[in-house]
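Taking it in order: structure first as structure tokens, then the write-up.
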Amino acid sequence: MRAICEICPHHCSIEEGHAGFCNARANSEGKIICSNYGKLTSMALDPIEKKPLARFMPGARILSVGSYGCNLRCPFCQNCSISMASEHSAKTVFVSPEGLVTKALELVPRGNIGIAYTYNEPLISYEYVMDCARLAHENHLKNVVVTNGYICEKPLSELLPFIDAMNIDLKGYTGSYYKKLHGDLETVKQTICRASKSCHVEVATLIVQGENDSPAEMEELSAWLSLIDEEIPLHITRFFPMYKYSGRSPTNVETVYSLARIAGKNLKYVYTGNC
Ligand code: SF4
Ligand code: SF4
């Protein structure tokens with residue numbers, strides 16, 4: 001029997017025993033399960049600025065974890081070794097929500113404020129993030145999600161009460177660019193709107209030369225963001241050759257600075273950096 005996953009707008013209709021588009025969710029006996037639940041590929045105590053979050057508890061560190069899989073297909077993915085991996089190819093270690101929260105609490109004396117769900121796309125591990133986030137809050141830890149924002153309204157709304165801060169990618173500002181990445185611009189815009197009403201939100205845009213680097217596009221993107229709140233920080237980051245774009249040139253530093261100047265006319269906080 002096929003089953004439909006309701007987490008993201010792909011709405012995969014998955015055959016029994018198979019995985020969805022993201023490789024992280026599967027049909028087991030007619031039910032959709034989170035097949036990468038607790039299966040971590042990466043864990044590190046990172047500076048909060050690395051998420052990137054510039055205006056949420058600056059100077060803090062956060063226990064950052066990732067699994068495998070992603071519901072988009074960015075040809076420039078900087079984490080393709082895990083985002084494009086599957087159950088069969090990813091090297092994982094199982095860490096239960098209790099185990100993760102215990103680890104996070106042990107790291108508090110080293111400046112840890114909580115847990116960041118990051119590296120691959122965390123929201124496809126929806127049940128794991130929810131279980132960890134609830135438990136983390138019960139233990140007075142913060143929850144941070146670093147996401148592509150490609151999630152349906154219902155699961156997002158149910159998760160938001162447990163989330164303290166998010167960094168959401170706004171990868172470009174055209175429908176055609178998002179189509180290339182197998183996502184859609186409107187869903188991500190809705191995620192940014194909803195999340196910004198519930199928690200601290202910062203937005204990240206990776207600039208790839210010849211793809212999303214036009215001044216007009218940045219003008220539109222930053223003007224739209226300012227309509228939600230001109231105090232939402234925007235991180236404009238530089239592409240380095242990777243994955244399917246490994247033959248391309250890195251983005252010119254001057255392009256990034258000039259786009260930041262444009263965004264700075266609409267927004268109070270614009271940061272530039274390498275991704
Ligand atoms: S979360 Fe994964 S399985 Fe679910 S609809 Fe999205 S891509 Fe498909
Ligand atoms: S959304 Fe992020 S993790 Fe997923 S493919 Fe794109 S860059 Fe990689």
Side-chain angles (χ1 to χ4, degrees), residues 2-28 30-37 39-42 50-52 64-87 89-90 116-130 145-156 158-159 166-172 177-185 187-188 191-192 203-208 211-212 235 237-246 248 251 274-275:
R2 296 183 85 93
I4 294 174
C5 176
E6 307 286 357
I7 294 295
C8 88
H10 286 307
H11 290 303
C12 298
S13 169
I14 309 173
E15 258 181 68
E16 177 131 12
H18 286 72
F21 180 71
C22 60
N23 273 330
R25 307 183 65 77
N27 179 341
S28 170
K31 281 197 176 142
I32 298 293
I33 57 155
C34 170
S35 50
N36 69 357
Y37 189 102
K39 295 176 184 169
L40 302 186
T41 55
S42 340
K50 201 176 161 187
K51 298 305 98 197
S64 303
V65 293
S67 182
Y68 62 83
C70 188
N71 53 352
L72 296 189
R73 290 290 182 274
C74 310
F76 46 78
C77 182
Q78 310 280 312
N79 282 334
C80 58
S81 62
I82 54 171
S83 67
M84 296 301 130
S86 68
E87 187 166 12
S89 60
Y117 310 90
T118 177
Y119 300 135
N120 67 315
E121 170 50 44
L123 296 179
I124 53 176
S125 308
Y126 185 77
E127 293 81 356
Y128 183 67
V129 172
M130 179 68 100
V145 172
V146 181
T147 176
N148 61 31
Y150 194 57
I151 181 168
C152 292
E153 179 183 355
K154 187 169 180 280
L156 176 67
E158 288 171 8
L159 181 65
M166 287 174 98
N167 183 294
I168 306 172
D169 288 344
L170 182 53
K171 292 177 185 287
Y177 190 52
Y178 262 97
K179 203 169 176 191
K180 210 185 254 192
L181 314 182
H182 292 256
D184 82 81
L185 175 60
T187 298
V188 177
T191 298
I192 293 170
V203 169
T205 303
L206 175 81
I207 302 299
V208 184
E211 297 286 345
N212 61 350
H235 299 260
T237 57
R238 191 175 169 224
F239 158 81
F240 283 94
M242 199 68 181
Y243 189 41
K244 294 191 176 167
Y245 283 179
S246 51
R248 296 208 178 190
T251 305
N274 298 321
C275 71

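Every value quoted in this text rests on a predicted model; they were computed, and no experiment measured them. Atoms within a ligand are numbered from 1 in the order they appear, just like the ligands themselves. Below, all heavy atoms of this structure are taken into account, side chains as well, without hydrogens, waters or symmetry copies.
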Looking only at side chains, do [X] and [Y] share a donor and an acceptor under 3.5 Å apart?
| X | Y | answer |
| --- | --- | --- |
| Glu211 | Tyr245 | yes |
| Arg238 | Thr251 | no |
| Asn148 | Glu121 | yes |

### Task
Pick one of side chain, backbone, both or neither for how Cys74 approaches ligand 2, counting any non-hydrogen atom pair under 4.0 Å.
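Answer for Cys74: both.
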### Query
Between Gln78 and ligand 2, which residue portion shows a heavy-atom distance shorter than 4.0 Å: side chain, backbone, both, or neither?
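No part of Gln78 is near ligand 2 at this cut-off.
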Measuring from atom [atom1] of [X] to atom [atom2] of [Y], what distance do you get when rounded to the nearest 0.5 angstrom?
| X | Y | atom1 | atom2 | result |
| --- | --- | --- | --- | --- |
| Ile192 | Leu170 | CD1 | CG | 4.5 Å |
| His10 | Asp184 | NE2 | CG | 9.0 Å |
| Ile14 | Arg25 | CD1 | CZ | 8.0 Å |

Write down the atom of [X], the atom of [Y], and the distance for their closest heavy-atom approach.
| X | Y | result |
| --- | --- | --- |
| Cys70 | Ile124 | N-CD1, 3.5 Å |
| Ala90 | Ala85 | CB-CB, 3.9 Å |
| Leu206 | Asn212 | O-ND2, 2.7 Å |

### Task
Could you pull out, from Lys171, Arg73, Glu121, the option with a heavy atom nearest to atom 2 (Fe) of ligand 2?
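It is Lys171 that holds the nearest heavy atom.
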Shortest protein heavy-atom distance from [atom], along with the residue and atom involved:
| atom | answer |
| --- | --- |
| atom 6 (Fe) of ligand 1 | Cys8 SG, 2.3 Å |
| atom 8 (Fe) of ligand 1 | Cys12 SG, 2.3 Å |
| atom 4 (Fe) of ligand 1 | Cys5 SG, 2.3 Å |
| atom 1 (S) of ligand 1 | Arg25 CD, 3.5 Å |

Show the atoms of ligand 2 that are less than 4.0 angstrom away from any heavy atom in [X].
| X | answer |
| --- | --- |
| Ser83 | 3 (S), 8 (Fe) |
| Asn148 | 1 (S) |
| Met84 | 5 (S) |
| Cys70 | 1 (S), 3 (S), 4 (Fe), 5 (S) |

### Query
Of the backbone and side-chain N, O or S atoms of His10, does one lie nearer to atom 2 (Fe) of ligand 1 than 2.8 Å?
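Checking atom 2 (Fe) of ligand 1 against His10, no N, O or S atom falls under 2.8 Å.
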List ligand 1 atoms under 4.0 Å from [X], heavy atoms only on the residue side.
| X | result |
| --- | --- |
| Ile124 | 1 (S) |
| Asn71 | 7 (S) |
| His11 | 5 (S) |
| Gly20 | 3 (S) |
| Ile7 | 1 (S) |
| Cys22 | 1 (S), 2 (Fe), 3 (S), 7 (S) |

### Message
Tell me whether Arg73 forms a cation-pi arrangement with Phe21, defined as NZ or CZ under 6.0 Å from the six-membered ring centre and within 45 degrees of its axis.
### Response
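Yes, Arg73 sits over the ring of Phe21.
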### Query
What about Tyr150 and His182, are their ring centers closer than 6.0 Å?
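Centroid distance Tyr150-His182: not below 6.0 Å, so no.
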### Query
For the side-chain contact (heavy atoms from CB on, under 4.5 Å) test, which of Ser64, Ser67, Pro122 pairs with Tyr117?
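Only match with Tyr117 under side-chain contact (heavy atoms from CB on, under 4.5 Å): Pro122.
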### Query
Counting only heavy atoms, which portion of Glu6 has something under 4.0 Å from ligand 1: side chain, backbone, both, or neither?
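Neither; no heavy atom under 4.0 Å.
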